[in-house]
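These notes are about the structure you will find just below.
The figures here come from the full heavy-atom set of this structure, side chains too, leaving out hydrogens, waters and symmetry mates. Throughout, a chain's letter reflects where its sequence line sits, starting with A, and its residues are numbered from 1.
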Amino acid sequence: MTSATVTATRDILNAVVQGVVPRTYWIKPPDSVEPPWALLRWLPLESSGAEHGEREEGDLEILLYARAPRHLDDLDTLTEGLRQAFLQWRHRDGAGGLLFSKRQSWADLPPFSEPADRELVGVRGIVRVVLWPRYLTSVLTP
Amino acid sequence: MSATWHSRRPEFERRLQAAQIAGVVAMQQVVVNAVKRALRGGYTTGDFVTGLSLNSVSRDTPREVNGEIVGRVGTPLAYNAYWELGHYNVFTRRYERVEKWRPAMEESRDAARAAFVRAARRAFAASAPSEAAD
């Protein structure tokens, strides 16, 4: 992927998650962030080797944090919202190619102790996302 | 005159499974070594490395799960999990995450596969019935 494609892909995925969790960040949140918030990251992308390795897929990691016990119900609602958002999700536009989700899995993070903030509870989701460049999604693409 | 026929398939399957188990053990050991190497410097400065984290990296005994031989590498130490998965640190007052396990496992993937092939082949060859047995 080119750096422009990486940025475009991040923006698209960010918009999906932000629709459910407004405070969404990539890689690292700001130091004083108020829960609930979500953190996104690509785990390494893989290529099947077909079409010169241009068809890629990878795991999008979503970490969702909330403060217990105040936000426990919110955490369930947000997790369900994200699960639904990525259920049979696909995105296609003129500039990019085709992105779509495959399987997804969600699991509660274990309760942490010091030096971790003990009131902060989390959920970790892994969504398999497939990325096809535009020229491999249409025979009419020049 | 009579002829008898007997299948060696059950024996072959036993040998194949034993070879796979030997291969998975070899893979696990490669991963254990890689993770221990990665943990040598500790999660932050290395000033507080006690050896506990390194010595707690272990593997289980491979077993069959749904027709596949599965072996795990892990640690019983909970604090490894919150450094690996990330946590909001009450002392530094910011989100901290230092991954050692996943990168080590990814970097050792090819070496682990090669170890599997070597060990499985060796175990399969060693379990072959001798000619005299026929």
Tell me whether the count of non-hydrogen atoms from other residues, nucleotides or ligands lying under 6.0 Å of [atom1] in [X] goes above 12.
X: A:Asp31; atom1: CG; answer: yes
X: B:Glu68; atom1: CD; answer: no
X: B:Arg72; atom1: CZ; answer: no

Report yes or no: does B:Tyr82 contribute a side-chain atom to a donor-acceptor pair with the main-chain N or O of A:Pro111 at less than 3.5 Å? no
Nearest-0.5 Å distance, [atom1] of residue [X] to [atom2] of residue [Y]:
X: A:Lys28; Y: B:Arg94; atom1: NZ; atom2: CZ; result: 5.5 Å
X: A:Arg67; Y: B:Tyr88; atom1: CZ; atom2: OH; result: 8.0 Å
X: A:Ser32; Y: B:Arg93; atom1: OG; atom2: CZ; result: 10.5 Å

In terms of hydrophobic clustering (I, L, V, M, F, W, Y; side-chain heavy atoms under 4.5 Å; direct or indirect links), are [X] and [Y] co-clustered?
X: B:Phe116; Y: B:Ile69; answer: yes
X: A:Val21; Y: A:Leu13; answer: yes
X: A:Leu75; Y: A:Leu40; answer: yes
X: B:Leu52; Y: B:Val98; answer: yes

For residues B:Tyr95 and A:Trp37, establish whether the separation of their ring centroids is below 6.0 Å. yes
Please look at A:Arg124 and chain B and tell me whether the side chain, the backbone, both or neither of the residue comes under 4.5 angstrom of a heavy atom of that chain. side chain
Where do B:Leu85 and A:Leu63 come nearest, in terms of heavy atoms and distance? O-CD1, 3.5 Å
Given the rule in the side chain to side chain contact (heavy atoms under 4.5 Å, CB included) test, do A:Leu43 and B:Arg102 qualify, once you have shown the distances and angles that lead to the verdict? CA-CA 10 Å; A:Leu43 300 181; B:Arg102 196 181 53 78; 3.8 Å; yes
State plainly whether the residues B:Glu99 and A:Arg41 are in salt-bridge range, i.e. N to O under 4.0 Å. yes
